[in-house]
Each structure stands twice: as structure tokens, then as C-alpha cells.
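Following: one structure in C-alpha cells, then a few remarks.
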Amino acid sequence: MTEESNVNESNEASEVQEDHGSLVAARREKKRQIEERGIDPWGSRFDDRILIGDIRSRLDEVKFQKEDGTLIDLPELHEDPEQRINMRQWRSDNGPGTEIGPQVRAAGRIMLQRDKGKLRFIDIQDWSGKIQLFVGQKQVGESDFELAGLFDLGDLIGVDGRLGVTNTGELTIFAEKLHFLTKSIEPPPAKHVGMTDPELRQRRRYVDLAYNDGVLDRFMNRSKIVQSVRQTLANDGFVEIEGPTLHSIAGGAAARPFITHHNALDLELYMRIALELHLKRLLVGGMERVFELGRVYRNEGISPKHNPEFSMLEVYQAYGDYQSMMDLTEQVIVDAIEATGQSFVLPWGDKEVDFTPPFARKTYNELFEQYTGVDPSDANAVSSYADSLGFDTNGRHIDVIKNEVFEAKVEDELVGPVFVTDYPASICPLTKRKADDSDIAERFELFVHGMEIANAYTELNDPDLQEELFQTQLEGLDEEDSMAKMDNDFVRALRHGMPPAGGLGIGIDRLVMLLTNSQTIREVILFPLLRPEG
RNA sequence: GAGGACGUAGCUCAGUCGGUAGAGCAACGGACUUUUAAUCCGUAGGUCCUGGGUUCAAGUCCCAGCGUCCUCACCA
């Protein structure tokens, strides 16, 4: 605890801007009254609660006991409010008798409250679900009922009570004892509407998670996907490592790095832009199946598909090639879909994607011809086609021109999932060429809805060729756009002998986007980069 | 980095031709022991993003700035 926050304790109106009308004042006043009752408004440990989701599944333990002692089941309840059962009617049809249900303890955030005389209905929510509490003055007693009068939306409370069903057929905890767990001083967003302003949703992700439907689930799914990816790889004998995030040479990709500085060493450092070069050093060192799943940082533009820091998976398998990586990619994705409990046909906006394996596999040239009608081996035809699209072709390498056409005319059309294989070698400097065709690189990219999800190679392990490629600027590219950043130690590592290997990169954020039907990357990153709050 | 849109109560949003700042929810007071976006009666709540300018008069028009979003550019 800092000195500043101690000061704030004695000074109710803290430096945080919270003077929105009387709303906060009213909540602070209730906090005071809770304290006056000898209750800590910030609560304490609360053991033995049952997750609301688990409580809901215990509906079948609720029985109706007739006067002769026989127990009968309740009628089937419906989640849909339109189909609520009239339990008052049902009870009079089956009565006389009483309802009996299990004793339960729950805790959660107050999402809705409805007063009705000496009665209060409270909907609370924990991370497994939502349930209604019935709080009657007669049932919980004068003291607890007064306490309930000090509840605000957003407060965290605990309850002991019996599970039952109300007259309108809703599964409900009939409160016997209330516990105050934490006061919410800040007012929540409008109920049911929630917080829709995308800026506020990102800046105040805690509010977004707590009050907006589906947000918590989406991030829980992200966690399941990440966990599944790790599990799939572990099952296949891969080991996870943690490479350095501070690099003295930002290599392994063509991207501008963030620059930082180490004071004691007086050293300029770069945040890593890729995981590749250190993982390959580990291949040399004998880690035959190795991967890292972690953050990389690229000092570039922000868009619905780009955040400056994002999560990347890179996998390297000794004695494999890009074909073995293709099978692995498919397995990773199939397992991840199953981990989220979904079927292989996933919604994407108003469209769908069918991930039923095996995914289509098509060559780069095949697709090029299919979508442009131009023979990819005819340099003149490709060049004049690029001209007709308005691309600058002057003095540029034909493969660079071809790839611009590919990105413009083909990629967006790839609904996928489709593995695009066998790229022009000149645009893939870290890739081994085909044994029978040195112009073709053993590489694939996986596309879904025009998004590049995965990228894999048969890795280049010839140290002399690697050194040459580092030094050769790719034709038509500026120095800062080139990936030719010499890493002498990496070349030295290759000279010690890196096994022939397959290497794979998967953009985890984009994978999560696809599997959670999220059209922007900011929906799957908890705290995307924003300018500081004005 | 370029272009466009947006910024009004805690939240979600109206605001006409430049003429007294509006609603719903939330809040506050009251009624109600099976409600469920509870309902009903009443009350209060504003740095109209910020700063200039035009005007008798600016939430509204003009300029600059800040922030977000979209498109593009950058992007293995």
C-alpha cells in the first residue's frame, strides 16, 4: 500500500475523478451505513461456496413434498422467460404440500435488483452463471433485510439459502443469511445495454468483462484455446521454452522493432519481433522438438488485425519439413476447436467457416492462376497484369510483383481454411528450396477468410547460404523493410549443424478471433494498446 | 502517416433553421411478500471532449488540438 492511498483513506473524495453527481456519494453513504452496522464493506474470505453454474445443475434435487410425505418432481422449467411455468397453479393442482431443496451457499456480483414491498429479488452472477435470490424480510429477518436495503448494483455479496422455485417458475435461492463481501463505489453501466463505447470497453475492460454479455466467455475461450495448443504440442513431444524478449538484434521477421535501453550496460536493445532465431539455436543445441508461445512486439500500424504486441506460437521439429508442420497445424486447430466445445463449422459474422479436417491444400501458382487467369510462370504476362492493376513494376523482381498481385487478388478470396503451399523462393529467405526446383520454397501459409493464420517452412540450415541471404537485400525493398539483418551468432550456430527441420508460426490472436467469431483483434486482447487517457 | 465519422447526465442515446439542456436506465424519497428490463407516484442529476473565433445569441457554424472508430498505408 502506498502512502498516497493512505492519504485517500482519510480523504473520501480521492484524486481519482469520481464526482459524478450524487451517484458515488449515495454509494459511499451506504458503505458508511454498512460499516455502522459493524460489517466490513470490503469483506473477507468466504469459504465453501458453490459455483452458481453447479447450483443451477442441482435443480433436480428440488422436490415437492406432499402432506403424506411422498416426494414428487417439479415440472420442467424453461430458461426462456416467455415460457415460465405458473408454479402457483401447479402447486394448487398438486398440493397441499411444501417444496424442499438443498442448502446452498453462493457468492457473486449484484446484476439486478427488484424491490417488492418487504421483499427483494436480487440477481447475482459469478463466473459460472447467474441466479436469482429471494430475500424476504420475514425469511431473512429484520437485520439482514435492512442490510439488503444497502445493496447497490455491482456489490459483491454472499448468500446462504435453500434452492427452490418461485411462483413464476424461476430457479431461485431463497435466502436465509446474507453476507456482505465488497462494496462497489463506482456505478455500473446501464443494465442490459451495458457499455458499448469501444473506447470505454477497452480502457475499462473490467467493466466490459463484468457487465457485457459474452465478453468473459470469449476470454475464457481464449484461455482454453491457448491451453489446448500447449497440450497438443506436449502430446506430440514438444517442449516449451522461454526465449529472451530483449534482443540486441531484432531478427526473424521483417518488422520495425520497439527500441529500449539497458541502463547499467548502456546498451540499446530491441523488443523481439519474432521467436525464430533463438528457437533454431535450440535445435542446434539438441532440443529436437521445441516451441515458444509468447508475446512479440512490432512497432507498426494498428488495425482490426494488428496490435503492436501480440501472441505468437513458433514450433520447430528436427528432421521434419513443412509437410509435417501442415499436419501439426491441422491438429492444433482441430484440438483447439474441440477445447471450446464447438463444432467444426464456425460462424464468422454472417458467414461460416468449415474446419472439418483435412483442410484444402493448394499451391501458390495454382491459386494464382485460378484467381487471376494469368500463367504465373510467364513473367511478361504477370508483369503486364500487375501494370493493369496499377502496381509499380519498374525494376522490381518478378516474384515481388507476383506476390503483390497474389496479396491483392488471391488472399482476400481465400475463405478457407486452405493451406497455400510452395511459394516463390525469392520472397522466402529463411526457407529451404525444393530439391527439384530451386525457384520454389518449401513453405505454406494457412488462410481463413483472407487472414493469414499460420506460416511454415522447411527451415534453411545451410549457414553459408543463410549468411548470403542476410547480406543480400531483397530486390525492390528498402533497407528498413528488408529482413536482411545480419545475426552473426545465428550463422555461427548453423555452422555447428542445425538438423533439417520444419518450422511453424501461428498467430494466436488471429486463431482466437476465428474460433470466437471476433472480427477485430481488440476483441480478443484483454488490454489492447491505447493512447493514455486524456 | 492520409482521408472520413464520432465525442451531450454514471450508462445508452435524442437535440429541428443558431434562440431557456432532453429521454430511458441508474440514483434519491414513497407504495407494494413470488418479481424478473417489475410496476406506480414524486425528486435530483450537465466542463454539451478542450481551447480559440464568428454572432445580440453557439451543443449546433468556423479554426486548432485531444481521443476513439472505420477505410487506406505500413505489416513474413
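Heavy-atom basis, side chains included; hydrogens, waters and symmetry copies ignored. Within every chain, numbering begins at 1; the chains are lettered A, B, ... in the order of the sequence lines, protein sequences first and strands thereafter.
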Closest contact, heavy atoms only, L153(A) versus M111(A): CD2-O, 3.6 Å

Between G65(B) and G22(B) - C1' atom distance, rounded Å: 29 Å

Sugar-phosphate only, base, or nothing, as touched by R84(A) at under 4.0 Å among non-hydrogen atoms: base

Touch class at under 4.0 angstrom, heavy-atom based, for G505(A) against every strand present: nothing

Salt-bridge criterion met for R201(A) and D208(A) (N-O under 4.0 Å): yes

Salt bridge (charged side-chain N to carboxylate O under 4.0 Å, His left out) pairs, two or more places apart, involving residues 131-141 of chain A: none

Basic-acidic side-chain contact under 4.0 Å: D487(A), R281(A): yes

Base paired to G18(B) (Watson-Crick or G-U; both N/O distances under 3.5 angstrom): none

A44(B) pairs with, by Watson-Crick or G-U criteria that keep both distances under 3.5 Å: none

base_contact_polar (U35(B) base, T166(A) side chain, donor-acceptor, <3.5 Å): yes

Close side-chain approach of K63(A) to D73(A), heavy-atom, < 4.5 Å: yes

Pair partner, A37(B) [Watson-Crick or wobble, under 3.5 Å]: none

Identity of whatever pairs with G3(B) - Watson-Crick or G-U, under 3.5 angstrom: C70(B)

Spacing of Q137(A) atom CD relative to U34(B) atom P, expressed in whole Å: 14 Å

Minimum-distance nucleotide to P189(A) side chain [options: U35(B), C11(B), C74(B)]: C11(B)

Euclidean distance, atom CZ of residue F310(A) to atom P of C75(B) [Å, nearest integer]: 14 Å

Distance between C1' atoms of G7(B) and G59(B) (Å, rounded): 11 Å

Touch class at under 4.0 angstrom, heavy-atom based, for Y457(A) against every strand present: base

Spacing of the P atoms in U54(B) and A58(B) (rounded, Å): 11 Å

For nucleotides 68-70 of chain B, list the nitrogen or oxygen atoms of the protein found under 3.5 Å from its nitrogen or oxygen atoms, one pair per line.
residue, atom, partner, partner atom, Å
U68(B), OP1, R531(A), N, 2.9
U68(B), OP2, R531(A), NH1, 3.1
U68(B), O4', E199(A), OE1, 3.0
C69(B), OP1, Q202(A), OE1, 3.4
C69(B), OP1, Q202(A), NE2, 3.4
C69(B), OP1, R522(A), NE, 2.9
C70(B), OP2, R522(A), NH2, 2.7

Given RNA chain B, 5'-ward residue of the pair F134(A) and L112(A), judged by closest heavy atom: F134(A)

P gap between U55(B) and G1(B), integer Å: 35 Å

Partner nucleotide of U54(B) by Watson-Crick or wobble geometry (both distances under 3.5 Å): none

Rounded distance (Å) that lies between atom C1' of A31(B) and atom CG of L119(A): 14 Å

d(CD1, I521(A); P, C75(B)) in whole Å: 17 Å

Contact check, side chains of I131(A) and L163(A), non-hydrogen atoms, under 4.5 Å: yes

Whole-angstrom distance between C72(B) and C25(B), as gauged at atom C1': 39 Å

Pairwise C1' distance, A26(B) and A44(B) [rounded to whole Å]: 13 Å

Taking only nitrogen or oxygen atoms into account, show me every contact under 3.5 Å that the protein makes with nucleotides 23-25 of chain B, one pair per line with its distance.
residue, atom, partner, partner atom, Å
C25(B), O3', K191(A), NZ, 3.4

Sugar-phosphate, base or nothing in reach of K138(A), heavy atoms under 4.0 Å: base

Residue-phosphate contact under 4.0 Å: K30(A) side-chain N/O, C28(B) OP1/OP2: yes

Between P of C13(B) and CG of L200(A), the distance in whole Å: 10 Å

Distance, rounded to the nearest Å, where Q113(A) contributes CD and C28(B) contributes P: 10 Å

Other residues, nucleotides, ligands: >12 heavy atoms within 6.0 Å of D213(A) CG: no

Whole-Å distance separating the CD1 atom of I122(A) from the P atom of U34(B): 16 Å

Geometric class of the H247(A)/H278(A) ring pair [parallel <30°, tilted 30-60°, perpendicular >60°]: tilted

Sugar-phosphate, base or nothing in reach of G136(A), heavy atoms under 4.0 Å: nothing

Any R114(A) side-chain N or O less than 4.0 Å from OP1/OP2 of A38(B): yes

Between U20(B) and A57(B) - P atom distance, rounded Å: 15 Å

Aromatic plane relationship, Y364(A) with Y423(A) - under 30° parallel, 30 to 60° tilted, over 60° perpendicular: tilted

Paired nucleotide for G24(B) [Watson-Crick or G-U wobble; both distances under 3.5 Å]: C11(B)

Over 12 non-hydrogen atoms of neighbours within 6.0 angstrom of NZ in K30(A): yes

Candidates A37(B), U35(B), C11(B) - which lies nearest the side chain of T172(A): U35(B)

SB check R32(A) E29(A) (cutoff 4.0 Å): yes

Span that lies between the P atom of A73(B) and that of C62(B), in whole angstrom: 30 Å

Touch class at under 4.0 angstrom, heavy-atom based, for K130(A) against every strand present: nothing

K116(A) side-chain proximity, nearest of C13(B), U35(B), A27(B): U35(B)

Sugar-phosphate only, base, or nothing, as touched by Q132(A) at under 4.0 Å among non-hydrogen atoms: base

Nucleotide nearest T196(A) (side chain, heavy atoms from C-beta), chosen from C32(B), U12(B), G10(B): U12(B)

Electrostatic pair R91(A):E99(A) at N-O distance under 4.0 angstrom: yes

Length of the CZ-C1' vector between F121(A) and A37(B), whole Å: 15 Å

Parallel, tilted or perpendicular: ring planes of F258(A) versus Y297(A), cut at 30 and 60 degrees: perpendicular

